Amino acid sequence: MLRASGVLTFPTPMLNCLVLGGGGREHALCDSLAHSPSCEKLYALPGSRGISEMTGALCPGTIYSSETIPPMSSEVSGEITNEASSKLASIDLLSPSSIVSFCVSHSIDLVIVGPEQPLACGIADALTSSGISVFAPLASAARIESSKVWMKDILSRAGIRSASYNVADSLSAARKLLRRCTSFPIVIKADGLASGKGVVIANNREEADLAIERAMVERCFGSAGDCLLFEDFLSGEELSYFSLCDGDAESGVRFLGVARDYKRSLDGDKGLNTGGMGAFAKSSPFVERRSLEEVSVRGEIVRPLLRQIEKRSTSYRGVLFLGLLVSSSGVNVLEVNARFGDPEAQTLLPLLEGDIASTFLAAANGCIKEEESLRSRSGLGSRLFDFSEGLHSVSVVASSKGYPSSYATGSAIRDIDNFESSSETSLYHSGTELRRVEGVELFHSSGGRVFTINARGSSFSSARARVYEALSSINWRDGFYRRDIASEKDTQSFESCCAKILRFA
Ligand code: GLY
């Protein structure tokens with residue numbers, strides 16, 4: 001305990017943090033954690049070379065390209081040898097016991113889970129039983145994402161509006177439901193986790209038949225598609241709404257921000273559905289100690305939902321990510337996720353400053369109401385925050401040509417190393433690997449979505465201009481990106497949507 005000016009203060013505990021995952025969302029999490037005063041050592045499993053080079057996170061699970069074993073960065077080489085690293089490369093994120101062993105042997109205090117699959121496998125349950133703090137829900141609460149049928153039931157019991165639906169748990173039941181459909185489009189969803197590919201908007205009977213065939217006959221989602229939901233198609237404006245939850249539905253919920261993402265691969269919302277080609281967001285009004293809270297969606301949707309989850313399973317901790325649809329007839333919940341979105345995390349997290357490690361720890365340990373360190377990066381010098389004046393953030397994802405269908409990997413991304421992050425612009429790696437070519441180390445593509453540029457600004461148009469300027473400085477001939485992210489039309493409709501449904505007090 002420290003005594004300063006006659007006031008007793010408690011030192012912030014120094015934390016060893018572990019981020020699970022290795023994509024752009026996890027890069028953004030590592031970036032925020034690396035800037036947290038209370039983060040002592042930062043690990044990511046598997047992480048990536050891009051994440052370790054840019055944030056200093058130790059990524060012992062990084063699998064090096066077979067062309068070369070690059071030298072470990074000086075920070076990494078102190079503790080983890082290449083031999084140990086290759087052993088760790090085999091750690092399976094879906095094996096809670098392996099993650100617990102890693103945490104014990106590396107004295108991890110706090111685990112932050114990026115993707116949804118480890119949650120469904122019970123990673124938070126195993127860590128909690130071992131006395132390790134984890135910023136993520138237990139599997140029975142994460143079911144809100146891992147079973148869409150359960151999610152719809154919870155929404156309906158909580159009296160929250162969402163599309164009308166029917167459930168088919170066999171091929172014959174699905175075909176029978178389809179025969180009864182008289183109008184299209186309809187939405188067909190796989191019940192389980194399908195890496196963002198389990199939702200089909202079927203515009204006619206043939207498309208619906210194909211969706212059923214792929215899920216239930218070809219079983220392209222495995223057991224996740226053994227049960228299907230048939231939902232009415234709703235139209236309106238989509239909004240992603242993020243809350244931090246500490247397990248207390250009444251006093252333990254804080255608004256993080258709102259975002260909109262772009263799921264289609266091509267400009268004008270054409271092309272196939274992807275994991276997300278870009279996003280834009282506005283920060284939440286966490287300011288100094290007089291933070292304002294969003295009270296409308298929190299009161300009408302978030303709290304009733306959390307109360308029902310607790311009633312039917314257990315209390316909910318971690319991020320709650322609501323996919324909302326706003327229309328003239330009101331707000332509907334389209335989906336509920338138990339984690340940060342990707343690329344939304346790469347758009348929202350850069351808007352927050354302060355000690356995110358201590359905020360995540362407080363949420364994990366059920367004491368978010370005492371936590372005051374996280375705030376908006378407003379830069380406005382104002383203690384009272386006006387949502388309309390907040391900081392704006394835009395992210396654009398650069399992907400391999402051909403994504404999300406077939407695409408080649410292993411192409412050199414020149415100039416990515418020359419990118420300088422600034423207070424206004426960041427780069428996040430998602431599908432890259434470092435290879436040595438003719439004696440020179442260069443990042444190459446290793447996935448569909450490869451890297452993201454994020455920029456902040458006092459308006460969406462200034463943030464957008466910065467993103468596209470940064471993208472034009474990176475020479476990657478085998479990549480593409482959408483050129484219409486955060487267009488004026490989209491940001492205006494987003495603003496009017498926010499004005500319609502959010503209320504701060
Ligand atoms: N971008 C949507 C998601 O992460 O689910």
Side-chain angles (χ1 to χ4, degrees), residues 19-29 32 93 112-120 135-137 142-148 151 162 187 189-201 221 224 229 231 237-244 256-266 269 271-282 318-326 333-351 393-399 403-404 428-431 447-454 481-482 484-486 490 494:
V19 171
L20 295 184
R25 166 182 44 208
E26 289 76 27
H27 187 162
L29 283 164
S32 294
L93 293 196
I112 298 100
V113 185
E116 59 276 25
Q117 296 87 352
L119 300 175
F135 178 64
R143 204 169 158 217
I144 198 71
E145 174 164 7
S146 61
S147 168
K148 293 194 172 51
M151 182 257 281
S162 76
V187 183
K189 295 182 175 174
D191 173 47
L193 297 178
S195 308
K197 299 189 181 96
V199 178
V200 172
I201 298 171
F221 310 124
L229 250 99
E231 265 187 14
E237 301 275 349
E238 287 190 30
L239 199 68
S240 304
Y241 180 105
F242 294 84
S243 307
L244 272 186
L256 265 184
V258 278
R260 179 167 292 170
D261 78 333
Y262 289 78
K263 294 201 173 75
R264 299 283 181 157
S265 58
L266 305 175
D269 281 334
L272 297 172
N273 255 337
T274 68
M277 294 295 288
F280 59 88
K282 284 186 80 157
V319 175
L320 187 77
F321 160 11
L322 300 177
L324 303 178
L325 189 89
V326 184
V333 173
L334 284 186
E335 60 175 13
V336 185
N337 298 306
R339 53 171 173 89
F340 276 112
D342 187 351
E344 290 94 326
Q346 298 162 66
T347 320
L348 263 184
L349 290 169
L351 287 173
S393 173
V394 175
S395 293
V396 177
V397 178
S399 303
Y403 171 78
Y428 301 116
H429 286 255
S430 11
R449 289 191 292 170
V450 174
F451 65 92
T452 299
I453 302 281
N454 168 263
Y481 52 83
R482 277 183 66 158
D484 63 345
I485 305 294
D490 293 347
F494 174 84

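Note that ligands are numbered from 1 as they come in the structure, with each ligand's atoms numbered from 1 the same way. None of the values given here were measured: they were computed from a predicted structure.
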Q) Once the angle between the rings of H429 and H27 is folded into 0 to 90°, is it parallel (under 30°), tilted (30 to 60°) or perpendicular (over 60°)? A) parallel
(Q) Once side chain to side chain donor-acceptor pair (under 3.5 Å) is applied, do any residues pair with E116, and if so which ones, sequence neighbours excluded? (A) R339
(Q) Could you measure the distance from the CZ atom of R449 to the OG atom of S430? Nearest 0.5 Å is fine. (A) 6.5 Å
(Q) Going by the rule side-chain contact (heavy atoms from CB on, under 4.5 Å), which residues pair with D191 if we only count those two or more places apart in sequence or in a different chain? (A) S147, K148, V149, C227
Q. Quick one: side chain to side chain donor-acceptor pair (under 3.5 Å) partners of Y403, sequence neighbours excluded?
A. none
Dump the pairs for me: ligand 1 N or O, protein N or O, distance under 3.5 Å, to 0.1 Å.
from	atom 1	to	atom 2	distance (Å)
ligand 1	1 (N)	D261	OD2	2.9
ligand 1	1 (N)	D342	O	3.1
ligand 1	1 (N)	E344	OE1	2.9
ligand 1	1 (N)	E344	OE2	3.3
ligand 1	4 (O)	R339	NH1	3.0
ligand 1	4 (O)	D342	N	3.0
ligand 1	5 (O)	R339	NH1	3.4
ligand 1	5 (O)	R339	NH2	2.9

Q: Determine whether the side chains of T452 and Q346 contain a donor N or O and an acceptor N or O closer than 3.5 Å.
A: yes
